[in-house]
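When a ligand or atom number is given, it counts from 1 through the structure's own listing order. Treat the numbers as computed from the prediction; the structure is a model and nothing was measured.
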Amino acid sequence: MHTSRTVWRIDRAGSLDRLRRADERLPPPAPGEVQVAVHAVGLNFADAFACLGLYSATPAGPFVPGLEAAGVVSAVGPPLADRPAHAIGDRVVVLTRFGGYATALNIDTRYLAPVPDGWTFEQAAAWPVQALTAWYGLVELGAVGAGDVVLVQSAAGGVGLQALAILARLGADAVAIVGGEPKVRFLVEHCGLAPKRIVVRGGRDFPARLDGALADCGRSGFDAVFDAVMGPGFRPSFARLAPEGRYVLYGAADFMPSGVSRGWARLAWQWLTRPRLDPLAMISDNRAFFGFNLIWLWESVERVPAAYAALAALELPPPHVGQRHPFDEARRALDELKGGRTIGKSVLVVDPPTGR
Ligand SMILES: NC(=O)c1ccc[n+]([C@@H]2O[C@H](COP(=O)([O-])OP(=O)(O)OC[C@H]3O[C@@H](n4cnc5c(N)ncnc54)[C@H](OP(=O)(O)O)[C@@H]3O)[C@@H](O)[C@H]2O)c1
């Protein structure tokens, strides 16, 4: 059992510069909880939005960012009849509603899943948030099935690669949008995507290049669009939804400021000029629009085991961990992620993973 730990804490959201390392006491796990010695922490784009105070679920006061981790159970609290039992030494994946940037943590056992056989802790920490997001958006809301053609924005990112893996499993075809040529090369070389089905976002000819990718699929419209950018690509993508198509919006990466703090003028302009949709037109055009934030799952903990089970049934390969950073370099790692050029998942590695 660990009685102390190191965390990254922010006293007040607003700037990444406010993120500070702190050593603090860790109480024993409460009834229904276990203590986990963290080996790896998964970073999410939402962590940067939370530190900037641009994430709707951001806590009001001081908080430790982080939505997921993986490690080993190091202590077990008094058991409760309605909670899954765990033993010291279990290798576990952890979903946590903030608090993940920590070398050890106490957690309600309903938020745990076993580390899949053969996966490293880094792969396990890279998995739950982004895979659950892609599953919920594509399967539960997007109702994607075999033969569908789906447009995936930021396809070389953490959620994007999970989306491509799920589409492959479902027998659907993907058209990928990415921010630059290195990501095109990655998708061709590591995911086997055809270059004609990868579109670099931006430029006046972006709509024409989308049409070219659709033509390569033998189609004139997408069955589903999976978008967490909501930038200039939104309107041309929405306009290319086929009848009965589903547009699933789950983020707004284009709103990410380039500096370490918020940059209100640009944000205000983006807010005022954001796209607006006509719900009446959706009836006559037979097109649907969904928005979601997976944070609902943390708040409906009784549904977490079923969500994990649905994901496990897809038997996805381990996630691609593209960036590994020492735990002590969380601020630099988050700054790099927010810069938009990372490929796959970024993780923090706790070394040695013993809590401290
Ligand atoms: N709703 C939910 O429940 C939920 C859950 C998880 C994640 N998300 C959202 O899903 C998206 C992907 O998350 P992730 O953690 O997997 O991150 P990620 O995709 O690995 O990284 C974010 C990507 O956003 C793209 N991007 C577009 N405009 C950008 C800008 N102005 N600045 C920086 N990057 C920009 C970049 O890729 P390209 O340049 O290749 O487009 C960048 O690599 C994020 O928007 C996140 O907020 C939502």
Starting from the C-alpha separation in whole Å, work towards a yes-or-no answer on side chain to side chain contact (heavy atoms under 4.5 Å, CB included) for L334 and Y101.
CA-CA 11 Å; L334 205 49; Y101 287 22; 3.5 Å; yes
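- Here's the thing with L43: none of its N/O atoms is less than 3.5 angstrom from an N/O atom of ligand 1.
- Considering backbone and side-chain atoms alike, F49 places every N or O at 3.5 Å or more from each N or O of ligand 1.
- Close N/O approach between K183 and ligand 1 is found [any backbone or side-chain N/O within under 3.5 Å].
- The shortest N/O to N/O separation between V229 and ligand 1 does not fall below 3.5 Å.
- Residue contacts with ligand 1, taken as heavy atom pairs separated by less than 4.0 Å, involve K338 solely via the backbone atoms N, CA, C and O.
- In summary, the atoms of ligand 1 found under 4.0 Å from a heavy atom of A228, numbered by their order in the structure, are 9 (C), 10 (O), 11 (C), 45 (O).
- Judged by distance alone, with hydrogens and angles left aside, the side-chain atoms of R18 form no donor-acceptor pair with the main-chain N or O of I10 at under 3.5 Å.
- Ring-plane geometry between W127 and Y308 is classed as parallel, the angle between the planes falling under 30 degrees on a 0 to 90 degree scale with a further cut at 60.
- Within the listing of ligand 1, atoms 14 (P), 15 (O), 16 (O) sit less than 4.0 angstrom from a heavy atom of Q130.
- Counting heavy atoms under 4.0 Å from ligand 1, residue F255 does not touch it at all.
- On a distance-only criterion, G157 and ligand 1 share no N/O pair closer than 3.5 Å.
- Among A50, G137, G340, the residue whose heavy atom sits closest to atom 36 (C) of ligand 1 is G340.
- Closest protein heavy atom to atom 7 (C) of ligand 1: V159 CG2, 3.8 Å.
- Between atom 9 (C) of ligand 1 and the options W296, F226, Y250, the minimum heavy-atom separation is to Y250.
- Protein heavy atom closest to atom 29 (C) of ligand 1, with residue, atom name and distance, is A253 O, 3.5 Å.
- Under a cutoff of 6.0 Å and an axis angle of 45°, R246 and F290 do not form a cation-pi pair.
- A cation-pi geometry, defined here as NZ or CZ lying under 6.0 Å from the six-membered ring centre and within 45° of its normal, does not hold between R266 and W269.
- Ligand 1 has an N or O atom lying under 3.5 Å from an N or O atom of G179, backbone or side chain.
- Between F45 and F49, the two ring planes are perpendicular [angle over 60°; tilted spans 30° to 60°].
- Close approach of ligand 1 to T133 (heavy-atom distance below 4.0 Å) involves ligand atoms 4 (C), 5 (C), 6 (C).
- Between F45 and ligand 1, at least one pair of N/O atoms sits closer than 3.5 Å.
- Looking at ligand 1, you won't find any N or O of A46 less than 3.5 Å from one of its N or O atoms.
- Counting heavy atoms only, G158 comes closest to atom 18 (P) of ligand 1 of the residues A252, G158, G202, S258.
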Taking it one step at a time, do E299 and R97 satisfy side chain to side chain contact (heavy atoms under 4.5 Å, CB included)?
CA-CA 9 Å; E299 289 155 6; R97 195 183 192 285; 2.7 Å; yes
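- Compare Q153, Q270, R201 by their heavy atoms: the one nearest to atom 28 (N) of ligand 1 is in R201.
- Between L167 and V144 the shortest side-chain heavy-atom distance falls below 4.5 Å.
- Note: Y250 and F226 have parallel aromatic rings, judged against thresholds of 30 and 60 degrees for the angle between ring planes.
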Quick one, L241 with R287, criterion side chain to side chain contact (heavy atoms under 4.5 Å, CB included). Give me CA distance, side-chain angles, the key distance, then yes/no.
CA-CA 7 Å; L241 261 192; R287 291 169 174 166; 3.7 Å; yes
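- Close contacts of ligand 1 with N293, meaning ligand atoms under 4.0 Å from a residue heavy atom, involve 1 (N), 2 (C), 3 (O).
- The nearest protein atom to atom 3 (O) of ligand 1, hydrogens excluded, is given as L294 N, 2.6 Å; this is a heavy-atom distance.
- Considering E336, E122, E329 as possible partners of R324, the one that fulfils the salt bridge (charged side-chain N to carboxylate O under 4.0 Å, His left out) test is E122.
- Taking the six-membered ring for Trp and thresholds of 30 and 60 degrees, F63 and F98 have ring planes more than 60 degrees apart, a perpendicular arrangement.
- For atom 25 (C) of ligand 1, the closest non-hydrogen atom on the protein side is S154 OG, 3.4 Å.
- A salt bridge between E24 and R9 is present, with a side-chain N of the basic residue lying under 4.0 Å from a carboxylate O of the acidic one.
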